[in-house]
Each structure stands twice: as structure tokens, then as C-alpha cells.
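Labels below follow one simple rule: chain letters A, B, ... track the order of the sequence lines, proteins then strands, and each chain is numbered from 1.
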Amino acid sequence: MTCLITMRSETYALRAERVLKNRGISAKKIKLDGEYSLRGCSYGIQLDCRNRAVALSVLNEINLPYSDIRSL
Amino acid sequence: MIYLDNAATTFPKPRSVSVAFNNAVRLYGGNPGRSSHYLSRQAARIVYETREEIASLFDGQPESVVFTLNATYALNIAINALRKKNGLVLISNFEHNAVLRPVAYGGEYEVFDASGSDDEVITAFTSALAFKPSLVVCNHISNLCGKVLPVERIGKICHDNRIPFIIDASQSAGRRCLSLRETYADAICAPGHKGLYGAQGSGFVIFADKYREGASELFPFVHGGNGVNSLEQFMPDFLPERFEGGTLPTPAIAALCAGIGEVKRITVPNIEYLENALGRRLTEGLSVIRGVTVYGNYGGGTVLFNVDGQSSENVARQLDDNGICVRSGYHCCPLGHRTLNTPQGGAVRASVSVFNTKYDIDRLLTVLNKK
């Protein structure tokens with residue numbers, strides 16, 4: 001199953017993608033569909049849900065803010 | 001052609017810089033942060049990689065890097081974001097108009113004397129705290145004479161007194177090691193096209209980590225679209241997009257990324273060493289030419305001088321006739337010229353880069369010796 005983590009902006013999504021890849025977690029930055037971006041254009045990262053907990057722990061470790069986590 | 005005007009902009013650029021600029025125009029000319037297609041994604045990626053390069057150079061975070069057109073825009077952003085309403089701003093007597101003008105336009109300011117030894121500068125700075133500044137802005141290296149300000153010590157004092165501190169790194173970025181953490185700076189502003197060898201049209205502010213979460217209190221200087229939270233009426237309340245309205249100059253940013261790569265390849269300490277050696281050769285050579293006055297012999301690769309009985313413009317014109325590029329006049333730095341007591345008409349500035357050679361220096365000295 002694929003999970004989606006919403007990030008503040010493309011800059012944050014790119015950093016999340018880069019940091020996770022450096023830790024061996026495959027993640028892909030995407031521009032979000034309108035249903036996930038109520039404030040207008042938004043970005044997030046997609047990853048395997050099995051990596052969700054580790055990914056969130058990495059993002060917390062570097063204080064990289066994220067807002068929403070969904071299973072697709 | 002001998003180019004000795006590197007304090008204005010470095011030239012020539014490394015080949016990798018022009019290749020990166022060209023590639024951005026030819027191969028990934030999409031608008032970064034706007035669309036989800038390949039070209040936009042590629043542009044966004046190079047923009048982000050440049051943020052990473054800048055962050056690693058200045059000991060900060062990639063998302064705290066705000067891109068601007070040049071150092072002047074960067075300083076305007078930082079000064080307007082960090083100055084308090086009706087607060088006094090303290091600056092040094094070597095500041096460029098990129099600092100003096102936005103500070104003077106926005107309200108009261110005072111000047112401290114930075115012309116002495118490090119200890120004397122710190123004494124003058126500490127005394128000037130009696131003005132109760134709400135913001136301190138000073139350059140790291142003077143654009144006139146290579147004077148290096150003790151920004152680590154100034155920053156520590158600002159930190160201890162809870163005064164925000166902005167460093168104008170226009171002349172030092174790429175030429176001196178500079179760290180957000182070691183200087184306690186709230187923001188470092190720099191152009192991309194000088195010591196970082198990027199193209200004109202690039203510059204940046206890198207804010208301290210604490211502003212990543214506290215950016216909502218910072219007044220944005222430019223308002224507009226940036227591909228983030230586009231249904232909202234106001235700029236995002238986080239860095240870097242709070243300050244980035246409008247399309248970013250991707251080719252110039254890509255060139256800057258390549259330029260920083262060159263700086264890292266040569267290394268900042270090597271650049272400092274090589275430029276200082278050339279500057280020393282120039283200063284020593286000028287000092288023995290009869291009728292030449294060197295102002296503020298502070299070391300570094302930027303040397304200010306005049307020739308007795310000739311205007312600075314006339315000397316620069318004659319050097320130009322001999323294929324040597326220097327800059328005459330006031331160098332957008334009236335405060336510094338007053339500090340160094342140059343005559344009306346200013347002075348001649350010769351400024352090296354790591355790509356100059358001893359031959360370039362000796363050629364300038366030979367031409368001046370013939371006068």
C-alpha cells in the first residue's frame with residue numbers, strides 16, 4: 001500500500017525525499033491532487049506504507065514539518 | 001585583457017558555470033515549483049540542490065535559503081524582515097549603499113567605527129550599544145579595502161544582548177569561511193555572482209534555523225505567486241517561500257550551484273590564501289611607486305589607491321587603455337570613503353580573484369610605473 005505525507009512546499013518535499021533516500025527509504029515527491037490540497041497548490045511525498053513509521057521518525061529527527069498522512 | 005574588478009563581479013567564470021547556465025536554458029527550462037511535468041521538476045531539483053549547496057557552505061538548512069536577484073535584494077529582505085518598527089539600526093562605517101540605503105529609508109540608524117584593530121572595533125561596537133539598537137547590520141569584508149570585521153565577536157555580543165544580527169557577505173562569500181552558527185547571525189546575505197562565481201541575477205539570504213518556524217513574524221518584501229498555498233491571499237508563513245514571490249531565475253541559480261562546486265573544489269582556505277598573496281603583491285608594489293597612495297592597508301585581495309595629481313577616473317581610463325579593468329569613483333560606499341579619507345572623486349579599486357596571476361598584478365604595476 002502507498003502512503004502520502006503532505007509537506008509544506010516543494011522545497012520541503014524535495015528535502016524529505018533526499019533525506020529519506022539517504023537513509024535507504026524510497027520516496028517520491030509529487031504535486032498533490034486538489035482533494036489533498038485545500039489551501040491551493042501543495043506537495044508531498046509518496047512511499048511504501050511499511051516505511052511510514054521509520055520515515056516519520058527521520059522527518060521528526062531533522063525537525064522537518066509535515067502536515068497530513070494518508071494511505072492511498 | 002586583465003580583469004581586476006572582481007569585487008564588482010568575478011570574471012571570468014569557471015567553464016562549469018557557463019555550462020550549467022546553458023543547460024538550464026536548453027535542457028530544463030520549466031518553471032520550478034509550478035507544474036508537475038518533467039521540465040518543471042528538473043528545474044525545481046536544481047533549485048533545491050543549490051539550496052543544499054548554500055546551506056552546507058554557511059552551516060544552515062536548505063529550506064532557510066531564500067533566493068533573490070542579488071545581495072541588495074537579499075539585504076532589503078533581511079533588513080525589512082528583522083528591523084523593529086521605530087527601532088534604531090546599528091551599522092559600521094564601511095557599509096555599502098545596499099545596507100546604508102534600506103536602513104536610512106526605514107528609520108533611524110547609527111554608525112560604529114570599524115577601522116581599527118579587532119579589539120578596537122569591538123570596543124567601538126560595544127560603546128555604540130548605548131544607542132539601544134534593535135538590529136545590527138555589518139559587512140564581513142569591506143568592498144573598498146579588504147577590511148575584515150570580527151563578525152564572530154560582534155555576533156556573540158548581539159546574541160548575548162538579544163539583538164538580531166545580519167551579515168552582508170557580499171565580498172566574503174566563497175572567500176572566507178562563514179558560519180551562521182559560529183557568528184550567531186540571524187541572516188547572511190550574499191550575491192551569487194562574486195566570490196561564488198555564479199551568474200549575475202542570483203543572490204540569497206540564508207536565515208538562522210529559528211526562523212524556519214518563526215517566519216510568520218517576518219515582514220515579506222515581495223508578494224506574489226510561488227506555487228505554494230495558492231488559494232490563500234497572503235504569502236506562506238514559512239521559509240523560503242514567504243520571501244520568494246514570482247518565478248525564480250533558474251539558469252542563474254543553476255550557474256550558482258556550479259560556481260559553489262568550484263569553490264568547494266578549490267576550497268575556501270585556498271582561495272583566501274591565493275587572493276591574499278596577490279593582494280599583498282599589489283599593495284607592496286603600489287607602495288613603492290612614487291606618487292601613489294594606498295588607503296586602508298588591511299590585507300586581502302581588494303586594494304584602494306590614488307595617483308597624485310590624477311583623478312581616479314583618469315587612472316582607470318588609462319589602465320583600460322592598457323587592457324586592465326579596475327573600478328574608479330566611490331564604489332557605492334560613501335561611508336567607507338569618508339572613513340578612509342579619500343579625496344573628492346573617490347579612488348581606484350583593484351580587486352583580484354583566484355583566477356588572476358602574478359603577471360596580472362605586475363602588468364598593472366608596470367603601467368602605473370610608466371606614469
Check your understanding: Does the side chain of B/Ser40 come under 3.5 Å of the side chain of A/Lys31 through a donor N or O and an acceptor N or O?
Key ->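 Side chains of B/Ser40 and A/Lys31: no pair found under 3.5 Å.
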At a 4.5 Å cut-off on heavy atoms, which part of [X] comes close to chain A: side chain, backbone, both, or neither?
X: B/Arg34; value: backbone
X: B/Glu241; value: side chain
X: B/Pro236; value: neither

**Study point:** Shortest non-hydrogen contact from B/Tyr28 toward B/Ala20
**Key:** OH-O, 4.3 Å
**Study point:** Gap separating the OH atom of B/Tyr48 from the CD1 atom of B/Ile253, nearest 0.5 angstrom
**Key:**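 Atom-to-atom, B/Tyr48:OH and B/Ile253:CD1 are 14.5 Å apart.
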Practice item. Examine whether an atom of A/Ile30 lies under 4.5 Å from a heavy atom of chain B, and if so say whether it belongs to the side chain, the backbone or both; otherwise answer neither. Key: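 For A/Ile30, neither part sits under 4.5 Å from chain B.
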Practice item. Run the numbers on B/Asp237 and B/Ser216 for side chain to side chain donor-acceptor pair (under 3.5 Å), then give the verdict. Key: CA-CA 4 Å; B/Asp237 57 3; B/Ser216 59; 5.3 Å; no
